[in-house]
Protein chains: 2
Amino acid sequence: MAKPGAMSRAATAPALDSLDFALDRGSPVPLYYQLARQLEEAIEHGVLAPGNLLGNEIDLSIRLGLSRPTVRQAIQTLVEKGLLVRRRGVGTQVVHSQVKRPLELSSLYDDLEAAGQGPATRVVRNETVPASADVAAALSVPEGAEVMLLERLRLTHGQPVALLCNYLPAGLLALDSDRLESTGLYRMLRTAGITLHSARQTIGARRATAEEAARLDEQEGTAVLTMQRTAFDDTGRPVEYGTHIYRASRYAFDFQLLVRP
Amino acid sequence: MAKPGAMSRAATAPALDSLDFALDRGSPVPLYYQLARQLEEAIEHGVLAPGNLLGNEIDLSIRLGLSRPTVRQAIQTLVEKGLLVRRRGVGTQVVHSQVKRPLELSSLYDDLEAAGQGPATRVVRNETVPASADVAAALSVPEGAEVMLLERLRLTHGQPVALLCNYLPAGLLALDSDRLESTGLYRMLRTAGITLHSARQTIGARRATAEEAARLDEQEGTAVLTMQRTAFDDTGRPVEYGTHIYRASRYAFDFQLLVRP
DNA sequence: GAGTGGTCTAGACCACGCT
DNA sequence: GCGTGGTCTAGACCACTCA
């Protein structure tokens with residue numbers, strides 16, 4: 001009982017038979033997505049345990065009244081999320097634990113989420129300034145052109161954690177400081193109709209300057225994490241450039257990588 | 001002419017008409033993959049310029065003698081790579097530059113590639129040791145159990161860049177120091193039939209200890225980048241745990257994120 | 001040899017963005 | 001309204017794994 005690994009590797013079609021998936025053909029939500037979502041929940045809730053086989057796709061599609069491609073599409077999204085593994089001639093099984101929650105890329109999402117609600121943010125500066133050389137290069141604007149500068153201090157539990165300095169092309173959107181403190185930059189971009197597509201990041205380390213240390217409540221010379229990021233929208237135009245400094249004693253980048261075959 | 005953005009946004013079916021894709025139905029390589037590969041090359045070589053529309057999927061499939069789902073599958077893989085963007089009612093177009101080469105996740109791949117050939121690696125220790133508490137927890141083995149310890153120094157241009165300390169479950173594979181210096185750990189894992197599935201990483205910063213500084217040719221107290229990583233195989237079992245230290249003055253993590261809708 | 005996922009086809013209807 | 005991608009169907013054959 002207490003011995004892990006004592007049971008044989010994979011039970012054939014375990015609790016899956018008794019699972020009833022509720023598919024609503026009237027819903028605007030795609031069927032494959034409804035199925036994927038419910039499979040994901042079953043895995044999260046442990047109804048489908050790690051190592052369990054899913055049963056073959058054809059049976060599944062018959063049982064669910066779906067076509068096989070639709071079922072495959074549902075499974076595929078979970079494979080891409082790292083929750084399921086497909087093997088030819090074997091079947092589809094739930095990944096053996098470990099890989100679960102913090103799937104998404106993160107780093108960007110960390111900040112996305114965090115900016116959304118959790119930690120507090122204090123806007124220190126919010127104004128337009130002429131672009132310096134590096135900012136101009138990152139945003140593809142002429143040097144000296146007006147850009148928006150946004151400087152924020154992020155805190156958790158009343159303690160400063162990071163110093164965020166962001167630059168955006170002038171006139172991209174209205175940056176209301178109050179909304180920024182409660183809503184976060186990326187959410188504001190999205191509601192302004194700007195759909196992010198990709199971002200390039202560099203993470204490094206160095207010692208804090210006296211001013212940085214003071215702002216972060218640390219001693220001069222402590223090690224800090226640095227990050228520069230340029231974010232691009234759908235069309236490939238840069239929409240944001242940021243230079244961030246994180247207090248290494250209170251913050252680390254934590255994320256999960258999926259190895260694509 | 002020199003004015004960017006002067007041309008209208010997207011030419012309808014530009015050079016694509018004259019592109020001849022060579023699809024070999026006899027090849028074991030899937031058709032969708034052959035097509036994806038050739039589209040990708042066309043984009044890389046600038047035959048398909050950023051902003052160009054691809055022409056609708058149905059015409060494409062007819063022209064190529066493929067079914068629409070197959071063409072979609074090809075396009076889909078490039079969308080996931082960030083090279084193409086699909087818009088309803090508009091079409092599929094090449095992403096506006098910027099996003100190109102260093103697409104893959106990296107960090108892991110950095111090291112994968114780097115370990116493969118580029119920089120030199122010197123194996124400092126290669127032996128079995130009893131697992132300490134943190135190692136035991138990461139590898140899911142009892143504390144004190146034998147594990148392989150691998151300590152390497154990585155150099156570029158004759159300069160030390162990183163101190164890599166890795167732990168693997170005992171008996172997982174034979175670790176030949178010579179091969180490790182020329183082939184890299186991850187490549188050895190793969191050739192040993194171990195297929196990596198995912199990894200959890202934490203990137204932080206701190207000041208170097210005297211010993212670390214000496215090994216990295218730095219002064220005591222410099223800021224260094226730290227990374228801990230646990231890698232899992234297909235079945236979710238941990239196969240490797242690493243604690244790495246990078247010289248911040250010579251190394252930074254550089255990667256690209258794709259924002260999934 | 002039996003069973004699995006991997007690929008592929010030839011249609012269909014719908015939702016959305018544009019003009 | 002028209003054209004686009006988004007979804008879905010009901011089949012088919014192949015390649016691989018395992019007993």
Side-chain angles (χ1 to χ4, degrees), chain A residues 8-13 16 21 23-37 39 52-80 84-94 193 195 234-235 260-261, chain B residues 8-13 16 23-37 39 52-80 84-95 193 195 234-235 260-261:
Chain A
S8 85
R9 264 311 177 69
T12 319
L16 187 62
F21 296 101
L23 298 173
D24 177 8
R25 296 192 101 91
S27 162
V29 178
L31 290 172
Y32 79 89
Y33 189 82
Q34 293 183 38
L35 177 55
R37 205 63 204 77
L39 278 170
N52 279 175
L53 282 171
L54 221 61
N56 78 56
E57 298 170 347
I58 300 186
D59 286 355
L60 238 185
S61 64
I62 294 175
R63 282 231 323 281
L64 297 173
L66 296 174
S67 70
R68 188 187 165 204
T70 303
V71 171
R72 273 184 69 79
Q73 196 174 357
I75 292 177
Q76 185 59 30
T77 67
L78 297 188
V79 169
E80 275 161 14
L84 297 176
V85 183
R86 288 208 249 223
R87 297 174 205 269
R88 255 193 210 192
V90 180
T92 303
Q93 50 185 322
V94 179
T195 58
D234 262 45
T235 70
R260 310 231 162 262
Chain B
S8 85
R9 262 311 176 68
T12 318
L16 186 62
L23 298 174
D24 176 8
R25 296 189 105 91
S27 162
V29 178
L31 290 171
Y32 79 88
Y33 190 82
Q34 294 183 37
L35 177 54
R37 205 63 204 80
L39 278 171
N52 279 175
L53 282 172
L54 221 60
N56 77 57
E57 298 170 347
I58 300 187
D59 286 354
L60 238 185
S61 65
I62 294 174
R63 281 232 323 280
L64 298 174
L66 296 174
S67 71
R68 189 186 166 204
T70 302
V71 171
R72 272 184 70 77
Q73 197 174 356
I75 293 177
Q76 185 60 30
T77 67
L78 297 188
V79 169
E80 275 160 13
L84 297 176
V85 184
R86 290 209 248 226
R87 296 175 205 268
R88 261 193 207 194
V90 179
T92 303
Q93 50 185 320
V94 180
V95 160
T195 57
D234 262 35
T235 70
R260 311 231 160 263

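Computed from a predicted structure; not experimentally measured. Lettering of chains follows the sequences in order, A, B, ..., and the numbering in each one begins at 1. Atoms considered below: every heavy atom in the structure, side chains included; atoms not considered: hydrogens, waters and symmetry mates.
- Protein atom CG of B:Leu60 is 13 Å distant from nucleotide atom P of C:dT9, rounded to whole Å.
- The side chain of A:Thr70 places no N or O atom within less than 4.0 Å of a non-bridging phosphate oxygen (OP1 or OP2) of D:dT7.
- Remark: A:Thr77 OG1 to A:Arg37 CZ distance equals 10.0 Å, nearest 0.5 Å.
- Set against C:dT4, C:dG17, D:dA15, the side chain of A:Asn56 has C:dT4 as its closest nucleotide.
- Rounding to whole angstrom units, CZ of residue B:Arg25 and P of D:dC13 are separated by 15 Å.
- Of the listed nucleotides (C:dG5, C:dC8, C:dA10), C:dA10 has the atom at the smallest distance from the side chain of B:Pro69.
- Residue-level contact check: B:Arg68 touches the bases, meaning some heavy atom is under 4.0 Å from a base atom.
- B:Ile58 comes within 4.0 angstrom of nothing in the nucleic acid, heavy atoms only.
- Between A:Leu53 atom CG and C:dG3 atom P the separation is 15 Å, expressed in whole Å.
- For B:Gln93 and D:dG3, the CD to P distance is 19 Å, given to the nearest whole Å.
- With the nearest nucleotide of DNA chain D identified for both A:Ser67 and B:Gln76, B:Gln76 has the one nearer the 5' end.
- Side-chain proximity of A:Tyr32 to the nucleotides D:dC8, C:dC8, D:dG5 is greatest for D:dC8.
- The distance from atom OG1 of A:Thr195 to atom CG of A:Asp234, rounded to the nearest 0.5 Å, is 3.0 Å.
- Considering only the side chain of B:Arg72, D:dG5 comes nearest among C:dT9, D:dG5, D:dT9.
- Rounded to an integer number of Å, the gap from CG of B:Asp59 to P of D:dT4 is 7 Å.
- Heavy atoms of A:Pro28 sit nowhere under 4.0 angstrom from any nucleic acid atom.
- The nearest heavy atom of DNA chain D to A:Gly89 and to A:Gly65 marks one nucleotide each, and the one closer to the 5' end goes with A:Gly65.
- Between the CZ atom of B:Arg86 and the P atom of C:dC18 there is a distance of 17 Å, rounded to whole Å.
- A:Leu64 has its CG atom 13 Å from the P atom of D:dA10, to the nearest Å.
- Once rounded to the nearest 0.5 Å, the distance linking OG1 of A:Thr70 with CG of A:Leu23 reads 10.0 Å.
- At a threshold of 4.5 Å between non-hydrogen side-chain atoms, the residues B:Thr92 and B:Leu53 do not count as touching.
- Residue B:Thr92 has a polar side-chain atom (N or O) positioned under 4.0 Å from OP1 or OP2 of D:dG5.
- Between atom CG of residue B:Leu78 and atom CG of residue B:Leu35 there is a gap of 8.0 Å, rounded to the nearest 0.5 Å.
- Between B:Glu57 atom CD and D:dG5 atom C1' the separation is 6 Å, expressed in whole Å.
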